[in-house]
Amino acid sequence: MKKEMNEEYLNRGMDLKRLALYLQKKIWLVLMLAILGATCGGIVYQVVRSMKMPVEYEAVSKLYISFGHDESGEVYQYYNGYTWNDLLDTDPILDIVMTALPGYERQQVQEATTAEILSDIRLLTVTVKGENEKFVREIQSAMESGLREFARESRELDQIEVVRSKAPERVYWDDRTTAACITGAVILGVLAMLFIAFGYALDESIYVQEDIEKKYPFKALGILTRNQKGLQPYAGELKANIHYLMGEKRRFAILDMDNHGDMRKLELERLLNREGTDGFSRNIQADEEFSWHIPSDEVSEPKGEWEVVAFNENVLGEEECRKIREIGGVIILLPFGTDTGRKTSRILSFLRNQDCQVLGMVIEQADEEFLNRYFA
């Protein structure tokens, strides 16, 4: 049966509501990592932008072309963007330009200069790019002078005049800091979600009775919450289950896997020795809170008919097992939201070897807010 139960537990489906509540408690981690990712993304982008961006200057000149007339009186209009880009590399223009650029190579000038007609065939845009501001400025000036002189010597052109000459300016990459921040936030946010989901998949913590029933072949008797209130059902359900389990017996043992057995003993005795099937005294007002925290003056109160013998996991030995056998069995208390799966498996193996009967299991120190939302 144990093997079948373990296989069923390993093959269990995902409880989406439990997952949502689990993620709700971890959402702060996702938000913090997303903010960290945005900050790192912006910083890394700015560092790369300042260190890796090549130094480049650009100068743009706008020139107006006046075309000449052919023998029939028609205007020459066959110059287009490709023609001008090719013309700048040809000898007639380049020879004129190079006379004003002593010390420069023709290939440098050719690679640095581009020309294009954007819309109006009479408006020529010449762009000069280079790593040095002086280099760009001198080529720009020489190109403007060379084109004006070329127009004077060309029969197809009357003149070329400079409409606008923009001084060389440093070329920067587009500022994409915002995009870098968003990318960093998304990457770390997704990684955080995957990390949390991976942790959830490996998490063997106990949150609700169903977790016990799927994982162990024992009864899930109920829940001990941290601050039980009278309007909540968990105390009444736990008391009813213990009454039914023990029958006429009023003495049982508990084994606390969180090693706070003395406190859990007082909580259970206080619950079981109160009048009423709901776990509370009948003369308590409906809106009065019932607290698990035991006041110091109640520790010395006379004991009721119910007696709980408490043991802690960290001191469980031969003598403790002998007492458990004498009592007739033990109820194991599993801490809420804490992965004690391997430790519990070890203890269960030890109890089996000692012929100690496990009567059932109880979840202790449960988060009421989690439970109320889960069972809502």
Side-chain angles (χ1 to χ4, degrees), residues 6 8-56 58 169-215 220 223-229 232 234 257-260 292 333-345 363-376:
N6 288 338
E8 182 182 353
Y9 177 74
L10 292 174
N11 296 325
R12 70 193 188 281
M14 181 173 290
D15 189 333
L16 295 181
K17 191 167 186 179
R18 176 182 153 177
L19 175 61
L21 293 173
Y22 179 86
L23 293 177
Q24 185 178 359
K25 288 185 172 293
K26 303 289 185 179
I27 196 66
W28 63 271
L29 177 62
V30 178
L31 293 176
M32 287 185 63
L33 287 177
I35 294 172
L36 177 62
T39 303
C40 292
I43 292 175
V44 170
Y45 174 77
Q46 289 296 334
V47 171
V48 172
R49 186 169 183 261
S50 61
M51 296 181 63
K52 298 295 184 180
M53 182 172 60
V55 177
E56 186 178 48
E58 180 183 87
E169 293 182 350
R170 173 79 185 272
V171 179
Y172 292 95
W173 287 347
D174 293 339
D175 190 354
R176 299 182 179 178
T177 304
T178 301
C181 290
I182 294 174
T183 302
V186 170
I187 290 175
L188 273 191
V190 170
L191 288 177
M193 291 293 291
L194 291 176
F195 177 79
I196 291 173
F198 182 73
Y200 178 82
L202 298 179
D203 184 22
E204 295 187 11
S205 301
I206 300 298
Y207 292 91
V208 292
Q209 295 102 312
E210 187 180 7
D211 296 334
I212 295 176
E213 294 168 351
K214 287 182 177 180
K215 187 173 183 180
I223 301 173
L224 280 170
T225 59
R226 294 172 187 169
N227 295 294
Q228 179 69 53
K229 297 180 180 179
Q232 294 170 335
Y234 310 116
M257 298 302 297
D258 198 32
N259 298 315
H260 294 89
W292 291 124
L333 273 57
L334 301 175
F336 173 89
T338 302
D339 189 351
T340 58
R342 293 173 180 81
K343 184 166 62 174
T344 303
S345 296
I363 302 172
E364 61 174 334
Q365 290 295 95
D367 184 349
E368 294 177 3
E369 182 180 356
F370 179 96
L371 295 176
N372 292 338
R373 291 184 178 181
Y374 181 84
F375 291 115

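Only a predicted model underlies this, so the values are computations on that prediction, with no experimental measurement involved.
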Quick one: side-chain contact (heavy atoms from CB on, under 4.5 Å) partners of [X], sequence neighbours excluded?
X	value
Gln46	Arg49, Asp175, Thr177
Arg342	Asp339
Ala34	Ala185
Thr344	Tyr216, Met257, Leu334, Thr340, Leu348, Met361

Quick check for you: to the nearest 0.5 Å, what is the distance between [X] atom [atom1] and [Y] atom [atom2]?
X	Y	atom1	atom2	answer
Phe370	Arg226	CZ	CZ	11.0 Å
Gln209	Ile223	CD	CD1	3.5 Å
Thr225	Phe336	OG1	CZ	10.5 Å
Cys181	Ile43	SG	CD1	8.5 Å
Leu29	Leu33	CG	CG	4.5 Å
Glu368	Leu371	CD	CG	7.5 Å

Query raised in the report: Residues two or more places apart in sequence or in another chain: which of them pass ring-ring contact (aromatic ring centres under 6.0 Å, His included) with Tyr45?
Result: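 Result, ring-ring contact (aromatic ring centres under 6.0 Å, His included) vs Tyr45: none returned.
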Report task. Determine the sole option in Thr338, Asp258, Ile206 for which the side-chain contact (heavy atoms from CB on, under 4.5 Å) test with Glu364 is passed. Result ->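 Answer after filtering Thr338, Asp258, Ile206: Asp258.
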Query raised in the report: With Glu169, which residues qualify under salt bridge (Lys or Arg N to Asp or Glu O under 4.0 Å), at least two apart?
Result: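 Testing Glu169 for salt bridge (Lys or Arg N to Asp or Glu O under 4.0 Å), a comparison that skips the adjacent residues, returns Lys166.
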Query raised in the report: Sub-3.5 Å donor-acceptor pair from the side chain of Asp211 to the main-chain atoms of Val208, do we have one?
Result: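 Checked: pair present.
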Query raised in the report: Are Phe195 and Val30 close enough, and set up right, to give a side chain to side chain contact (heavy atoms under 4.5 Å, CB included), and what steps lead you there?
Result: CA-CA 10 Å; Phe195 177 79; Val30 178; over 6 Å; no
Report task. Give a yes or no on this: more than 12 heavy atoms of other residues, nucleotides or ligands lie within 6.0 Å of atom CZ of Phe375. Result ->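 Enclosed.
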Query raised in the report: Minimum heavy-atom separation for Ala180 to Gly41, with atom names?
Result: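 Scanning both residues, the minimum pair turns out to be CB-O, 3.6 Å.
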